[in-house]
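All remarks here apply to the structure that follows.
Proteins come first, then strands; the chains are lettered A, B, ... in the order of their sequence lines, and each starts at number 1. Because the structure is predicted, anything quoted here is derived from the model rather than measured. Below, all heavy atoms of this structure are taken into account, side chains as well, without hydrogens, waters or symmetry copies.
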Amino acid sequence: MQLTGAQALIRSLEQEGVDTIFGLPGGAILPVYDPLLDSSIRHILVRHEQGAGHMAEGYALATGRPGVAMVTSGPGATNIVTPIGNAHMDSTPLVVITGQVATASIGTDAFQECDITGITMGITKHNFLVQSAQEIPRAVAAAFHLATTGRPGPVLIDVPKDVTQSMMDWWYPASIEEYDLPGYRPEIPLDQEAVERAVALIAESERPVLYVGGGTLKSRASQELLAFAERTGMPVVTTLMARGAFPDSHEQHLGMPGMHGMYTAVTAIQKSDLLISLGARFDDRVTGKIPAFAAGAKVIHVDIDKAEFNKVRHADVAIQSNVAAALVAFDAAQATPRNLDVWWKAINDWRDQYPLVYDEPTADGPLRPQHVIEAIAAKAAPGTIVASGVGQHQMWASQHWKFEEPGTWINSGGAGTMGFGVPAAIGAKVGRPERTVWCIDGDGCFQMTAQELTTARSEGIPIKVAILNNAYLGMVRQWQEMFYEERYSEVYLSADLPDYVKWAEAMGCVGLRARTLKEMHEVIDEANTINDVPVVIDFRTDAEEKVFPMVAAGASNDDIIVHPLQRGERR
Amino acid sequence: MSPEPYLGEVSRTPVRHHILSVLVENKAGVLARIAGLFARRGFNIYSLAVAPAESHARFSRVTIVVDAESAPLEQIVGQLDKLVNVVAINDLAPRDAVERELLLATLPLGDEHRSAMLDTITKAGASIVDVGPTSVTVMLAGTPGACDELERALEDFAEVELHRTGRVALPRLG
């Protein structure tokens, strides 16, 4: 069967089971948009290519399936660089297709030409510049294989216009051998000797902590984690990338570690004698000052990516494996620590002494952002998915929302990409339409990508957006208050400019506003009754509110700063 | 397991260096991927030699001398191995490897230093591969140490143009 390269590209995506593409057409990708009309694949027309990329990420994080985005060459391609970089930092499976100028024009500075494979070399797991229509099926099959196996990540396929316009004989790779990836070996056999050494370390341990990272979600190891944790009785912490991997309601869960982690989670790691790292990478936001991080602990490091071993912290035992297989092996070997009663006594004392607290809200406002999140959560349907931008609101959402299952927390961890929330929430809702999706956003983040609410309205994607509007770039303001003698430099945004209610309405959404406690409850209830169009709520929150606990950048986790209420001080 | 880094006696190379013999797919941009990885991770390349591997057009061999002081060797190998186009990495400690390098130098043959220069060339075991009216091009294929020595010896003369290839290596037998 003879097909054009464009037809072959769409057909290849169908072969991979793609149901949705997030994208925006342009000159170089034009040929591919024609056969799209005849495909069963849904295309979501975004308003900016960055939106397409973050939507694909939200889709991937909510469903566990790779997100797909398609854009044109030049500025279309460069506009999606930020989501690609974001997905690379968070190991999110993405396949991004970019149009390219015709092969003969490559290298001539042609209209809308850019070297996108060169630009994204360092922020993709791999990328391809497809040289002929005949090669399109192989490139697509290989891209999905690379994006979803081993340590997942973004893969970019750059397709010149003449390649999509020329003819090919349809074929599709029948097996991995035909992908032509001689250097790619994502899984290696589990090292049983290393497992035995890990089991021996566990047997000696009196103060173990399960340090659960995003790799646990990526390898779908939640059930294995629950079984292992319950059998051994070990305490669990879940990093920002792993929220939802272990139920927040579980007695053994100490919460999130790190710069804005729970006091108990941070302190348990510091005092532990054994850290069992499961798909985590000892990020600086978790470790604080590295030499002071869990200084008395031995480390069992489980990761699919061997380059993570000994990168930041020496691993006493390194096990190259997906998390699920390693946990099954630990269980099979009956890995059991010593009696943990003394350890749990200490942990429970910290819990009692330093729970998560915030100042009592006042009836007339301004609202407490933490209280707004708890109120939304209390009224949310079970299984609600929460997306966020980056900053204070992200930390409060991670701290105050109770995550019970995988795929319910969608956020930008490693890259810290402001503006991630709205498009990621849209992508999550497309992937899981039966779920309620809330975006907990900040006013600074919202202004970066809000135009995608027009996409959401026109495509019928009814997400709910809570803007915690404190009129500032709040996290930067917090640092300037605490570490720059309250010298506020370029952080004020104004609560009223733009008018978020009018802006929402202009984009076809319902716009609501709350300043008082009474209004807060009313607008949340109203938002929960609206299921046909997106809703945006402008919550007016206290600009002086800060995220606690906090470990200052570069400080030891031993020097965690608790909330003023817990220091016996008045604000 | 990586062999211990060799504490080299070769003056021009980093004190703790290692040779990575890397088999890669012979595809466009592969060298840029390797160079880009070293640059963004802060690993230092001391020398680099690239050529088609054996008789297969499908693969090339990249011989990289890395400065094992710029980053732990385990990190360099681990990150390099993640490049999809990298097929195999052979990590050679200098004491376990046979290393060779090619040096070409064009020397002006003025009357003043003529005999000293020819003497230097002969002593080094270099051969004359091209002759012009006022200059000659000589070649030395030898150990990096021998190339260093000749290079140092030629520093005494003016207007010498000298190129080195960077080393290639294979594991020592037995």
Side-chain angles (χ1 to χ4, degrees), chain A residues 85 88 91 103 106-107 115-131 135 138-139 142-143 145-147 149-156 158 160 176 179-186 188 191 193 281 301 303-315 318 320, chain B residues 1-5 16 18 20-43 45 50 52-62 64 66 68-91:
Chain A
H88 189 247
S91 305
T103 336
I106 291 177
D115 172 22
I116 195 64
T117 50
I119 288 169
T120 59
M121 220 170 246
I123 53 168
T124 48
K125 185 168 171 185
H126 193 56
N127 59 29
F128 300 91
L129 172 59
V130 182
Q131 303 282 359
E135 282 301 303
R138 196 197 314 278
H145 180 62
L146 290 167
T149 55
R151 181 175 181 166
V155 179
L156 181 136
D158 199 23
I176 292 174
Y179 293 176
D180 188 27
L181 299 171
Y184 184 61
R185 294 166 303 275
I188 64 157
D191 177 353
E193 189 267 335
R281 59 182 177 86
H301 196 165
D303 208 293
I304 193 77
D305 178 1
K306 73 171 186 285
E308 290 301 339
F309 301 140
N310 305 314
K311 184 181 84 175
V312 174
R313 172 67 182 253
H314 170 70
Q320 190 184 359
Chain B
M1 287 296 105
S2 309
E4 280 300 299
R16 292 175 67 245
H18 241 268
L20 299 178
S21 176
V22 186
L23 190 69
V24 301
E25 288 182 81
N26 190 3
K27 285 185 176 168
V30 173
L31 194 57
R33 288 178 199 277
I34 293 173
L37 170 69
F38 273 73
R40 69 178 174 271
R41 295 272 176 191
F43 307 154
I45 294 178
V50 192
E54 291 91 27
S55 56
H56 312 292
R58 194 178 168 204
F59 299 114
S60 291
R61 188 169 297 283
V62 182
I64 311 170
V66 299
E69 281 172 348
S70 68
L73 192 65
E74 179 191 17
Q75 263 299 299
I76 300 175
V77 172
Q79 295 294 350
L80 202 53
D81 202 26
K82 282 204 284 182
L83 294 180
V84 170
N85 297 130
V86 168
V87 179
I89 303 170
N90 198 351
D91 162 20

Quiz prompt | Within the 6.0 Å centroid threshold, strictly below: A/His145 and A/Tyr184 | solution = yes

Quiz item: Rounded to the nearest 0.5 Å, how far apart are CD1 of B/Ile76 and CG of B/Asp81?
Solution: 13.5 Å

Quiz prompt | chain A contact via B/Gln79 - which portion, at a heavy-atom distance below 4.5 Å | solution = both

Practice problem: Examine whether an atom of B/Val84 lies under 4.5 Å from a heavy atom of chain A, and if so say whether it belongs to the side chain, the backbone or both; otherwise answer neither. | Solution: both

Practice problem: Taking only Lys NZ, Arg NE, NH1 and NH2, and the carboxylate oxygens of Asp or Glu, determine whether B/Glu74 and A/Lys311 approach each other closer than 4.0 Å. | Solution: no

Quiz item: Checking heavy atoms, do the side chain of A/Asp115, its backbone, both or neither come under 4.5 Å from chain B?
Solution: neither

Exercise. Under 4.5 Å heavy-atom distance to chain B, tell me which part of A/Leu129 shows up: side chain, backbone, both or neither.
Key: neither

Exercise. For chain A, find its close neighbours in residues 26-39 of chain B: heavy-atom separation under 4.5 Å, sorted by number, or none.
Key: B/Lys27, B/Gly29, B/Ala32, B/Arg33

Quiz prompt | Any side-chain heavy-atom pair of A/Ile106 and A/Pro160 under 4.5 Å | solution = yes

Self-check item: Flag side-chain contact, heavy atom, 4.5 Å: A/Arg138 against A/Asp180
Solution: yes

Quiz item: Is the backbone of B/Val24 close enough, under 3.5 Å, to the side chain of B/Asn85 for a donor and an acceptor to pair up by distance?
Solution: no

Exercise. Tell me, please, which residues at least two apart from B/Ser60 pass side chain to side chain donor-acceptor pair (under 3.5 Å).
Key: none

Self-check item: Verdict with supporting geometry, A/Thr117 and A/Asn127, side-chain hydrogen bond (donor to acceptor under 3.5 Å, both in side chains)
Solution: CA-CA 6 Å; A/Thr117 50; A/Asn127 59 29; 5.0 Å; no

